[in-house]
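Take a look at the structure set out below.
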Amino acid sequence: MCGIVGFVGQDHAKEKIIDGLKRLEYRGYDSAGIALPIDGKIQIRKHVGEIKNLEKIIGEPEFDSSVGIGHTRWATHGAPSDVNSHPHGNGDNSIAIVHNGIIENYQELKEMLAKEHGVEFKSETDSEVIAHLIGIFYDGDLLEAVNKAVAEMRGAYAVCAIAAAEPDKIVAVRKDAPLVAGIGKGFNFIASDIPALLKYVREVYLIENNETVVLTKDDITIYDEAGKKVKREVFHVTWDADAAEKEGYEHFMLKEIHEQPKGIYETLVRRINDDGSINLDGITMTKDDIEGFNKVYIVACGTAYHAGL
């Protein structure tokens, strides 16, 4: 599963984002990247392979900011490569995003953006369409542009976006993919999982489905699907970082076993359209084929074998 870390504060976003990404390494990934607004432009650095490969290309002191977003990717659309890595920008990198999940209608959005707006795509990912969509809708208000983009998207996603013209904020949105906001003093975080934040904060907001979040260094504002502000109780994290990665379970294998229902749900929900119909793109089995099945084989080894059982 991909990892997201975003930071908005007073200084050194790069350091905190990289630290957060390292704390999500246990989830697995094939590339990593970071985007920072610097001197009126968004600078993006990304590299295939381990986070240490990314660190080699972001060492210069001038590559830093008080705001930024970072990502570790596990490939879904497009092979692992520098260009397919996140973050993704729009044409002039005035917008940058990181994304977990799948945009089911990305192909039709891609065709629309190319035909109607002349967008040229750099990557093979579904995620890049999000940056271009936000860029098309952007008119000085990042929250509004993100909301308009989301209205065009189908799928499961957690998205964080930054704009060069609004270098003091991050806008994030969640649908069927995890997202938490970390509450600091003079700084705030957004992330896909609590362990990314624990070195810096112990109080978080758990973002619910179809909610949008605006983060500045002083505020975290949550909106529901109708655009109304949400009052959310603070969740106090009492575990240490190691226990947080295991989410209270004694070991990772036990955690993986208990995650199976959630994994099945997240797999299936991405196939269910808003009207209740089922999307089986790429699956050619007929109803008769399925009714002929009398056994399911679960093929796995190691902890996956026990989770499969």
>> Checking the side chain of Arg232 only, and the main-chain atoms of Leu206 only, is there a donor and an acceptor separated by less than 3.5 Å?
In response: yes
>> As a quick check of understanding, evaluate side chain to side chain contact (heavy atoms under 4.5 Å, CB included) for Arg45 and Lys14, giving each step before the final call.
In response: CA-CA 11 Å; Arg45 304 280 192 277; Lys14 173 176 70 174; over 6 Å; no
> What is the minimum heavy-atom distance between Ala96 and Ile44, and which atoms define it?
Replying inline: CB-CD1, 4.2 Å
> When you measure from the side chain of Asn273 to the backbone N and O of Asp275, does any donor-acceptor pair fall under 3.5 Å?
Replying inline: no
> If only atom types and distance count, is the side chain of Glu166 paired as donor or acceptor with the main-chain N or O of Leu142 below 3.5 Å?
Replying inline: yes
> Backbone N or O of Ile95 within a donor-acceptor pair of the Asn90 side chain at under 3.5 Å?
Replying inline: yes
>> I'd like to know if Glu291 pairs up with Lys287 as an ion pair, taking the criterion as any Lys NZ or Arg NE/NH1/NH2 lying under 4.0 Å from an Asp or Glu carboxylate oxygen.
In response: yes
> Does atom CD of Glu62 have more than 12 heavy-atom neighbours, drawn from other residues, nucleotides or ligands, at distances under 6.0 Å?
Replying inline: yes
>> Working to the nearest 0.5 angstrom, can you tell me the gap between Ser127 OG and Arg73 CZ?
In response: 7.0 Å
> Does any non-hydrogen side-chain atom of Tyr249 lie less than 4.5 Å from one of Glu259?
Replying inline: no
>> Counting only heavy atoms not in Tyr305 (residues, nucleotides, ligands), do more than 12 fall under 6.0 Å from its OH?
In response: no
>> Assess the residue pair Tyr205 and Val180 against the criterion (side chain to side chain contact (heavy atoms under 4.5 Å, CB included)); give the C-alpha distance rounded to whole Å, side-chain angles, the decisive distance to 0.1 Å, and a yes or no.
In response: CA-CA 6 Å; Tyr205 292 128; Val180 298; over 6 Å; no
> Which is it for Asp289 and Thr286 under the side chain to side chain donor-acceptor pair (under 3.5 Å) test, yes or no, and what are the steps along the way?
Replying inline: CA-CA 5 Å; Asp289 291 335; Thr286 66; 3.2 Å; yes
>> What I want to find out is whether Glu144 reaches Lys148 closely enough, with some N-O distance under 4.0 Å, to be called a salt bridge.
In response: yes
> Can you hop from Val204 to Leu179 via hydrophobic side chains spaced under 4.5 Å?
Replying inline: no
> Salt bridge or not for Arg154 and Glu108, using N-O below 4.0 Å?
Replying inline: yes
>> Please report the interatomic distance CD1(Ile220) to CG(Asn188), rounded to the nearest 0.5 Å.
In response: 3.5 Å
> Shortest non-hydrogen contact from Ser192 to Ile4?
Replying inline: OG-N, 2.9 Å
> Crowded around Glu250 CD? As in, over 12 foreign heavy atoms under 6.0 Å?
Replying inline: no
> Going through the checks in order, is the side chain to side chain donor-acceptor pair (under 3.5 Å) test met by Asp219 and Thr221?
Replying inline: CA-CA 6 Å; Asp219 293 296; Thr221 309; 5.8 Å; no
>> I need the minimum non-hydrogen distance between Ser65 and Pro37, along with the two atoms involved.
In response: OG-O, 3.0 Å
> Quick one: does Asp193's side chain have a donor or acceptor within less than 3.5 Å of a partner on Pro195's backbone?
Replying inline: no
> Roughly how far apart are Arg202 CZ and His236 NE2, rounded to 0.5 Å?
Replying inline: 12.5 Å
> Any side-chain heavy-atom pair from Phe137 and Glu152 closer than 4.5 angstrom?
Replying inline: yes
> Hey, does the side chain of Asn105 reach the backbone of Met153 with a donor-acceptor pair shorter than 3.5 angstrom?
Replying inline: no
> When rounded to the nearest 0.5 angstrom, what distance separates CG in Asn100 from CG in Asp176?
Replying inline: 12.5 Å
>> Donor-acceptor pair, distance only, cut-off 3.5 Å: does the side chain of Glu25 make one with the backbone of Leu21?
In response: no
> Taking atom CG of Leu309 and atom CD1 of Ile298, what is their separation to the nearest 0.5 Å?
Replying inline: 7.5 Å
>> Does Asp92, at its CG atom, have more than 12 non-hydrogen atoms belonging to other residues, nucleotides or ligands within less than 6.0 Å?
In response: yes
>> I'd like to know whether Val173 forms a side chain to side chain contact (heavy atoms under 4.5 Å, CB included) with Val159, so could you lay out the CA-CA distance, the side-chain angles of the two residues, the decisive distance to 0.1 Å, and finally the verdict.
In response: CA-CA 5 Å; Val173 60; Val159 176; 3.9 Å; yes
>> Between Asp168 and Lys217, is there a side-chain heavy-atom distance shorter than 4.5 Å?
In response: no
> Has the side chain of Glu128 got a donor or acceptor atom that lies under 3.5 Å from a matching backbone atom of Lys122?
Replying inline: yes
> Can Glu15 and Asp19 be said to form a side chain to side chain contact (heavy atoms under 4.5 Å, CB included), step by step?
Replying inline: CA-CA 6 Å; Glu15 166 193 314; Asp19 182 74; 5.8 Å; no
> Heavy-atom distance under 4.5 Å between the side chains of Tyr200 and Phe7, does that happen here?
Replying inline: no
> Which value, rounded to the nearest 0.5 Å, describes the distance between His132 atom NE2 and Lys110 atom NZ?
Replying inline: 9.0 Å
> Does any non-hydrogen side-chain atom of Tyr223 lie less than 4.5 Å from one of Lys229?
Replying inline: yes
>> Within the structure provided, determine whether Phe63 and Ile57 are in side-chain contact (heavy-atom separation under 4.5 Å).
In response: no
>> How close do Gly49 and Tyr29 get, counting heavy atoms only, and between which atoms?
In response: O-CE1, 3.4 Å
> Heavy-atom count around Glu203 CD within 6.0 Å, excluding the residue itself: above 12?
Replying inline: yes
>> Please check this pair: side chain of Asn53 against backbone of Val48, looking for a donor-acceptor N/O pair closer than 3.5 Å.
In response: yes
> Taking atom CD1 of Ile278 as the centre, does the number of heavy atoms from other residues, nucleotides or ligands within less than 6.0 Å exceed 12?
Replying inline: no
>> Suppose the criterion is ring pair (Phe, Tyr, Trp, His ring centres under 6.0 Å): which pairs have a residue in residues 87-120, not counting sequence neighbours?
In response: His77-Tyr106, His86-His88
> So, do Val201 and Ile183 sit near enough that their side-chain heavy atoms are less than 4.5 Å apart?
Replying inline: no
> Taking all non-hydrogen atoms of both residues, which atom of Ala191 and which atom of Leu197 are closest, and how far apart?
Replying inline: CB-CD2, 3.6 Å
>> Ignoring hydrogens, what is the shortest heavy-atom contact between Ala177 and Ala158? Give both atom names and the distance.
In response: CB-N, 3.6 Å
>> Tell me whether Val98 shares a hydrophobic cluster with Ile162, the cluster being built from Ile, Leu, Val, Met, Phe, Trp, Tyr side chains joined at under 4.5 Å.
In response: yes
> Are Val119 and Leu133 linked, directly or through other ILVMFWY residues, by side chains that come within less than 4.5 angstrom of each other?
Replying inline: yes
>> Using only atom types and a distance under 3.5 Å, with no angle test, would you say the side chain of Lys46 pairs donor to acceptor with the backbone of Ser31?
In response: no
> Got Ile58 and Ile18 here, is their nearest side-chain heavy-atom distance under 4.5 Å?
Replying inline: yes
>> Check for me, please, whether Ile194 and Leu215 land in the same ILVMFWY cluster - side-chain distances under 4.5 Å, paths through other members count.
In response: no
> Is it true that Ile103 and Ile136 fall in one hydrophobic cluster, defined by side-chain heavy atoms closer than 4.5 Å?
Replying inline: yes
